[in-house]
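Scope of the values below: all heavy atoms of this structure, side chains included, with no hydrogens, waters or symmetry mates. Every chain is numbered from 1, with letters handed out A, B, ... down the list of sequences.
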Amino acid sequence: MPDTEKDSTALDNPVKNESASSLDFIRAIIAEDLKAGKNNGRVATRFPPEPNGYLHIGHAKSICLNFGIAAEHPGGTCNLRFDDTNPTKEDVEYVESIKEDIKWLGFDWGDRLFYASDYFEQLYQYAVQLIKAGKAYVCDLSPEEIRNTRGTLTEPGQNSPYRNRSVEENLELFERMRAGEFEDGSRVLRAKIDMASPNLNMRDPTIYRIRRVTHHRTGNKWCIYPMYDFAHCLSDSIEGITHSICTLEFENNRPLYDWFLNELNVKCHPRQIEFARLNLSHTVLSKRKLHELVEGGYVSGWDDPRMPTLAGLRRRGYTPEAIRNFCDRIGVAKRDSLVDIALLEYYLREDLNKRAPRVMAVLRPLRVVIDNYPEDQVEELVAENNPEDPSMGSRKIPFSRILYIEQEDFREDPPKKFFRLAPGREVRLKHAYYIKCTDVVKDKDSGQIVELHCTYDPATRGGWSSDGRDVKGTLHWVSAAHSIPAEVRLYDHLFIKENPNEVEPGHDFKDYLNPNSLEILTSCRVEPSLASAKPGSRYQFLRLGYFCLDPVDSVNGLLVFNRTVGLRDSWAKIEKAQGGKG
RNA sequence: UGCAGGAUCGGCUAAUGGUAGGCCAGAUGACUCUGGAUCAUCCAGUCCAGGUUCGAAUCCUGGUCCUGCAGCCA
């Protein structure tokens, strides 16, 4: 029973074995810092998700980067820190899923699990310190007024009328904000920097707001919450992070990141480095859009196998190794790019080819009667589990007089280069016998082919012929009486458009959803060994692709397989080149 | 029109003043009990214009194009 795939690369060392000359720019910066003797030779990174959605493959890039870098340096560490400063959007469901996904990807934060909310008291004290230094003030302007006085990209903003409150007044007001004396939105704490700065982030940014919302960890202890820019740099500093790696859109926030740390004169001042986030073709990688797909019912949930979320990819049958190899290959740079999803699929196939046991399954069954095969005879034929890896052994599969083959493996009028079965033609049944088609039975009314009659050559048992005769085609098959029913879900790209983020005027990204991204086949027949398949286990259905037993919907003895990815199909290319299906 | 960034084969990414290389995709062939895998071959690039230099993807000058930023989101 081939239900255990090979754990092929699970023990691979995560350390990159690239030579020093081909370090990406972030690793090069870190190497320089080390060489310059910074941070006492320490390398400390962190992965800081906000628990407001599920992790996707773009996060995997960041996880591989941060955990990868830590692993490459002796004593290097990578913290998992939840950036939970906005309770209106966050939820424990997300923190649990995030932890599960990181573990599944193969990374371990050990005892280094933190929450920005752990630092709320410290952060508050830092804010007090800033007020005492005359570098922050309580502002009574409404959100609209703040926006209206911020200026524009080309014009400076105006100072708030509350900008010059005394330290004492600010201290008192801020304390009362914390005490809950003011309405939500009535006041904020702002950094006092420069309303004329060409960098909008420096125009007296808000650092605390009042929000009477229950926080998933601190409950109702707080009614004021720090903003990202304030909380993030200080959380990094508190944790002793040396290199704070984030995506490009935070480039303009770096001066603010540094400003807080400088003004507060902290001992640890991490270096923020920005890289380009991943974009993948034929999908979207923005939490907002992913939320929209989930909430709008366009997919079945965050773990819909069509989703680029780690939960979705896992359910689809992706392996952590494939995702990690992909992340290593795409590199790290500062230019925006759109990576072809074919590259991800390449690494998937590469990994699955090595580890997935082969089985036979017929998705669209066509009945075949072997006329010269004894009526009640059943043979057990030996089939290798993986030609790539003999150590995976073999299994027995039953052969009998009535079989199913794939409908598309027979053509009454075969086009050029079609090597499969046709009237009068002989093909090999994988691991079994050569068979020759002698008759085609059609439904009288519809003209549909309902059954084939064939003869087999007993001398070709096992699929070999001793007379030197060769056949062009080899088909997969199952014995009708012994095969078991299954449902198979065929997936295709979620979006029809290579880059769904590129929206034409008058359109929405959802207009580019692929209407054929899911096809459900309910009358499939699979070989009997699959009866004991375990949820989540992966197989190669011979000649078809890689499939994974769906862990959610395979209940009450019903087998539901997800197509993880198809095999490369050169016949499909030939056929396409010949001008469509015949 | 402000500020911050970025432009290398079709896609992704190396080369850090010295042979523009790799992977994916595509094409062709070999091999094969999976039209899978594997192997081989091919295709194909330095945004533009000047300059420095024996030598420039790399340095300088000037352009062009692209991305991000005006949340009490992160």
Side-chain angles (χ1 to χ4, degrees), chain A residues 18 21-22 24 28 48-50 52 83 85-86 88-89 139 141-143 146-148 150-157 184-190 197-203 205-211 224-225 227-229 231-232 246-255 274 276 281 287-288 329-347 349-350 353-354 358 360 383-384 387-388 417-420 428-432 434 460 462-465 470-476 498 540-545 566-575:
Chain A
E18 241 100 343
S21 61
S22 71
D24 60 64
E50 185 191 10
N52 67 345
D83 218 334
T85 57
N86 183 3
T88 57
K89 292 183 173 177
C139 181
L141 256 26
S142 70
I146 288 182
R147 193 185 330 120
N148 293 337
R150 188 156 24 228
T152 68
L153 292 176
T154 51
E155 296 157 335
D184 283 19
S186 62
R187 281 182 167 87
V188 292
L189 183 71
R190 289 227 253 171
S197 171
N199 181 340
L200 291 285
N201 293 121
M202 302 300 273
R203 319 243 260 227
T206 298
I207 58 181
Y208 266 92
R209 75 286 219 193
I210 304 171
R211 271 235 219 304
I224 57 170
Y225 292 96
M227 297 286 289
Y228 165 84
D229 287 297
H232 199 87
C246 61
T247 43
L248 246 32
E249 67 269 27
F250 293 100
E251 223 157 8
N252 295 331
N253 298 55
R254 181 161 20 104
E274 312 85 12
S281 71
K287 276 193 201 167
R288 198 211 94 217
R329 203 76 188 80
I330 56 176
V332 181
K334 294 197 76 159
R335 92 180 78 153
D336 311 290
S337 59
L338 178 63
V339 178
D340 193 339
I341 198 166
L343 187 62
L344 213 211
E345 293 171 341
Y346 168 82
Y347 283 107
R349 291 192 187 100
E350 180 190 62
N353 177 50
K354 286 181 297 187
R358 273 60 170 169
M360 292 202 282
E384 63 192 344
E388 299 292 317
K417 293 189 178 169
F418 183 86
F419 302 148
R420 284 111 98 143
R428 169 169 38 236
L429 256 22
K430 181 77 178 174
H431 305 306
Y434 287 10
T460 57
W464 291 102
S465 171
D470 199 16
V471 291
K472 269 290 207 183
T474 300
L475 310 187
H476 60 276
E498 187 176 38
Q540 184 193 104
F541 286 2
L542 222 61
R543 303 208 306 134
L544 296 173
L567 252 24
R568 284 186 64 229
D569 189 349
S570 47
W571 163 242
K573 282 178 195 168
I574 293 169
E575 195 178 34

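Under the side-chain contact (heavy atoms from CB on, under 4.5 Å) criterion, A/Phe250 pairs with A/Tyr228, A/Cys246, A/Thr247, A/Asn253, A/Gln272, not counting sequence neighbours. Scanning for side-chain hydrogen bond (donor to acceptor under 3.5 Å, both in side chains) contacts around A/Asn201 gives an empty result, with sequence neighbours left out. Applying the ring-ring contact (aromatic ring centres under 6.0 Å, His included) test to A/Tyr434 and every residue at least two apart in sequence or in another chain returns nothing. Take A/Trp571 and apply the ring-ring contact (aromatic ring centres under 6.0 Å, His included) test, not counting sequence neighbours, and it matches A/Phe418. Shown here are the salt bridge (Lys or Arg N to Asp or Glu O under 4.0 Å) partners of A/Asp336, two or more places apart in sequence or in another chain: there are none. Remark: A/Arg203 engages no residue in a salt bridge (Lys or Arg N to Asp or Glu O under 4.0 Å) (not counting sequence neighbours). Partners of A/Lys430 under the side-chain contact (heavy atoms from CB on, under 4.5 Å) rule, at least two apart in sequence or in another chain, are A/Met360, A/Glu384, A/Thr474, A/Trp477, A/Leu542. Residues satisfying the salt bridge (Lys or Arg N to Asp or Glu O under 4.0 Å) criterion with A/Lys89, sequence neighbours excluded, are absent altogether.
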Exercise for review: Produce a footprint string for nucleotides 68-74 of chain B: one letter per nucleotide, 5' end first; B if the base is under 4.0 Å from any protein heavy atom, S if only the sugar-phosphate is, - if neither.
Suggested key: BBBSBBB
Review point. For nucleotides 41-48 of chain B, read 5' to 3', which letter fits each nucleotide if B means a protein heavy atom sits under 4.0 Å from the base, S means only the sugar-phosphate is that close, and - means neither?
Key: --------
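Within 4.0 Å (heavy atoms only), A/Pro156 reaches no atom of the nucleic acid at all. Using a 4.0 Å heavy-atom cutoff across all strands shown, A/Tyr434 reaches no nucleic acid atom at all. Using a 4.0 Å heavy-atom criterion, one finds that A/Lys334 contacts the sugar-phosphate atoms exclusively.
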Dump the pairs, protein N or O against N or O of nucleotides 25-30 of chain B, anything under 3.5 Å, distances to one decimal.
residue: B/G26; atom: OP1; partner: A/Lys573; partner atom: NZ; Å: 3.3

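With the 3.5 Å cutoff on both pairing distances, Watson-Crick and G-U pairs in RNA chain B assemble into runs of at least 3 at B:2-7 with B:64-69, B:10-13 with B:21-24, B:26-30 with B:38-42, B:47-51 with B:59-63.
Distance from the side chain of A/Trp571 is smallest for B/G35 among the nucleotides B/C23, B/G36, B/G35.
Atoms CD (A/Glu384) and C1' (B/A37) sit 12 Å apart, rounded to a whole Å. A/Glu498 has its CD atom 18 Å from the P atom of B/C24, to the nearest Å. Spacing between atom CG of A/Asp24 and atom P of B/C12 amounts to 17 Å, rounded to whole angstrom units.
Between the side chain of A/Arg335 and the base of B/G5, no donor-acceptor pair under 3.5 Å is found.
A salt bridge does not link A/Glu575 with A/Lys417: every distance from a Lys NZ or Arg NE/NH1/NH2 to an Asp or Glu carboxylate oxygen is 4.0 Å or more.
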